[in-house]
Amino acid sequence: MFFFRMIFRSFSRQFKRRLLIAVTVCLSATVSVAMLGVVFDVGDKLNAELSTYGSNITVQPKADAVVNDLYNTGGDADSNASGTSESDPTTFLKESDAPKIKTIFWAFNITNFAPELNIHADVNCTSESAESSSCKASSVPIVGTWFAKTLHMDSGESTVAGMNGMRSWWKLDGSWPKDDSAQGLIGTTLASKLGVTKGDTVTLYKTTADGSRNKQRITITGIYDSGDSDNNAMYIPSSTAQVLANLPDSIDKIEVKALTTPDNDLARKASKNPNALTQDEWETWYCTAYPSSIAYQIEEVIPGSVAKQVRQVAALQGDVLQKTQAVMVLMTVLSLVAAAIAVANLMAASIGERGSELALLKAIGATDGAVSRLMLAETAVISLIGAIVGALLGSCVAQIVGHVVFGSGITMRPMVFVLVFVLLTLTVLIASFSSIRSILGLKPAEVLHGR
């Protein structure tokens with residue numbers, strides 16, 4: 001009973017110092033849980049954030065890919081290259097094969113895609129606001145594509161694909177055209193050149209490969225500002241472009257927006273030569289949503305195609321992810337170091353004030369190990385309470401960070417809490433070590449006599 005009464009009186013006198021230890025551990029746990037929670041989830045959040053700025057995989061005919069690689073024309077570097085070439089494509093994929101993209105293993109990671117037929121045509125417009133003499137242009141880039149096309153898959157599921165979701169950053173004055181119609185969008189640069197506004201009608205003229213001269217009237221439903229050279233192009237439904245160019249069921253490019261896992265050494269090795277992977281490496285790579293893995297699977301379902309990741313997007317994602325994770329981990333380490341220093345100082349001060357009590361315990365028979373275990377038990381209980389409260393607060397802070405930065409909550413994985421509790425346990429043990437050593441040096445006779 002005497003032993004327990006001493007513990008009770010000790011807790012009463014040392015309440016403030018114990019409270020400070022609990023608060024210190026609580027703050028460290030809060031920061032650690034919040035930061036590590038974001039670290040474990042930031043990859044998916046960052047990927048989703050970057051995917052709003054366009055495609056990260058492009059699909060093109062194999063012959064075009066060979067030419068691009070041979071002459072280093074950067075076919076995989078720019079996912080929005082319409083209008084960069086003055087000539088029309090000569091090799092094509094089938095538009096009817098495009099929906100097969102949603103049949104690959106990572107189909108649910110494919111958030112959107114849009115086929116393109118990039119051609120050039122002469123433009124003549126009918127506009128009340130423009131003189132007919134100035135409303136002409138030759139060899140204007142025309143992109144035949146989907147805008148919001150509903151696809152019915154063999155599995156019975158339906159999906160919507162097209163530029164409406166691929167170009168979410170465009171500033172659009174007007175409305176999106178309807179698929180399979182005689183409507184279109186025009187970039188601000190081309191609209192200014194032709195002097196047309198939304199609601200006007202333009203006529204496209206195209207000389208086909210067989211020498212015939214086709215024409216197609218297009219009603220402009222909107223004027224877009226992409227912020228780049230694409231403002232000099234016109235977007236129309238793919239079916240309309242195919243009729244104009246006499247290229248039925250033909251496309252020369254597919255832009256794909258996919259949620260991917262940032263590249264690592266395995267993904268980079270696979271992107272160079274998948275056949276060089278071992279069986280275990282192959283299975284890991286194929287069953288992980290790397291850009292190269294998704295691109296490989298797209299090539300498997302679309303005949304005669306080459307799928308490549310947009311290098312700038314992949315590099316940006318990996319670089320930003322590494323820096324973001326480094327900052328979060330650094331903040332976690334600093335919080336743990338601060339907690340270790342604070343706990344060590346508070347325990348040292350507590351042992352200094354309780355020297356006579358601890359000496360009395362040793363005088364009545366308590367061993368150094370028993371006294372040390374007592375101090376560790378007290379600190380462990382206090383730290384556990386602080387860690388639990390801190391874990392709850394950290395989860396709330398992580399959600400706030402997620403909603404403020406990424407516009408959605410953070411998925412708190414159980415591993416985060418396990419890791420934080422392990423780190424805090426090690427931190428408290430290390431902080432307590434120097435203080436416990438001072439207990440071993442206590443000599444009851446000298447302390448009790450005030451020496």
Side-chain angles (χ1 to χ4, degrees), residues 48-60 73-89 111-121 123 125 127 130 137-149 160-179 181 183-200 202 204 218-238 240-241 251-258 308-317:
E49 187 75 14
L50 289 177
S51 69
T52 62
Y53 298 100
S55 60
N56 51 0
I57 296 175
T58 59
V59 187
Q60 60 186 132
T73 57
D76 66 332
D78 188 358
S79 65
N80 185 22
S82 57
T84 58
S85 173
E86 293 297 328
S87 59
D88 287 351
T111 59
N112 207 339
F113 64 98
E116 296 180 11
L117 176 60
N118 292 276
I119 59 176
H120 292 79
V123 179
C125 58
S127 171
S138 299
S139 193
V140 172
I142 306 295
V143 183
T145 188
W146 298 345
F147 294 101
K149 195 174 186 67
V160 177
M163 286 294 172
N164 197 333
M166 296 290 293
R167 298 289 190 267
S168 58
W169 73 91
W170 275 5
K171 297 178 181 179
L172 180 63
D173 179 16
S175 60
W176 289 92
K178 295 180 179 179
D179 289 298
S181 68
Q183 299 177 344
L185 295 179
I186 189 170
T188 54
T189 303
L190 183 58
S192 177
K193 179 180 179 181
L194 297 175
V196 300
T197 60
K198 61 181 179 180
D200 290 343
V202 301
L204 304 180
I218 299 292
T219 300
I220 303 300
T221 62
I223 300 175
Y224 67 86
D225 182 6
S226 64
D228 55 25
S229 60
D230 201 39
N231 280 336
N232 197 44
M234 182 184 300
Y235 282 74
I236 64 176
S238 58
T240 305
I251 55 175
D252 66 299
K253 182 180 180 182
I254 305 175
E255 292 191 28
V256 181
K257 183 192 296 186
K308 296 184 178 182
Q309 59 182 327
V310 180
R311 295 294 179 180
Q312 290 92 334
V313 174
L316 175 63
Q317 179 181 350

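These numbers were taken from a predicted model, which means no experiment stands behind them.
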Flag, side chain of S139 to backbone of H120, donor-acceptor distance under 3.5 Å: no
With sequence neighbours excluded, residues passing ring pair (Phe, Tyr, Trp, His ring centres under 6.0 Å) with Y224: W170, Y235
Sub-3.5 Å donor-acceptor pair from the side chain of D179 to the main-chain atoms of K149, do we have one? yes
Could you tell me which residues satisfy side-chain hydrogen bond (donor to acceptor under 3.5 Å, both in side chains) with S238, sequence neighbours excluded, listed by chain and number? E95, W146
What's the verdict on side chain to side chain contact (heavy atoms under 4.5 Å, CB included) for T145 and M166, showing C-alpha distance, side-chain angles and the deciding distance? CA-CA 11 Å; T145 188; M166 296 290 293; over 6 Å; no
Does some side-chain heavy atom of I223 sit less than 4.5 Å from a side-chain heavy atom of L185? no
Look only at the side chain of N231 and the backbone of G187, and say whether a donor-acceptor pair between them is shorter than 3.5 Å. no
I220 and T197: side chain to side chain contact (heavy atoms under 4.5 Å, CB included), yes or no, with the steps? CA-CA 7 Å; I220 303 300; T197 60; over 6 Å; no
Kindly say whether K253 contributes a backbone atom to a donor-acceptor pair with the side chain of E116 at under 3.5 angstrom? no
Without swapping roles, check the side chain of N118 against the backbone of P89 for a donor-acceptor pair under 3.5 Å. no
After noting the C-alpha distance and the side-chain angles of T58 and I254, does the key distance pass the side chain to side chain contact (heavy atoms under 4.5 Å, CB included) rule? CA-CA 6 Å; T58 59; I254 305 175; over 6 Å; no
N112 side-chain N/O to G162 backbone N/O, donor-acceptor pair under 3.5 Å: yes
So, the side chain of N232 versus the backbone of P141: is there a donor-acceptor pair under 3.5 Å, distance only? no
The side chain to side chain contact (heavy atoms under 4.5 Å, CB included) partner of I236 among V202, V143, I142 is I142
Given side chain to side chain contact (heavy atoms under 4.5 Å, CB included), test L194 with D200 step by step and report yes or no. CA-CA 11 Å; L194 297 175; D200 290 343; over 6 Å; no
For K198, check salt bridge (Lys or Arg N to Asp or Glu O under 4.0 Å) against everything at least two apart and list the hits. D173
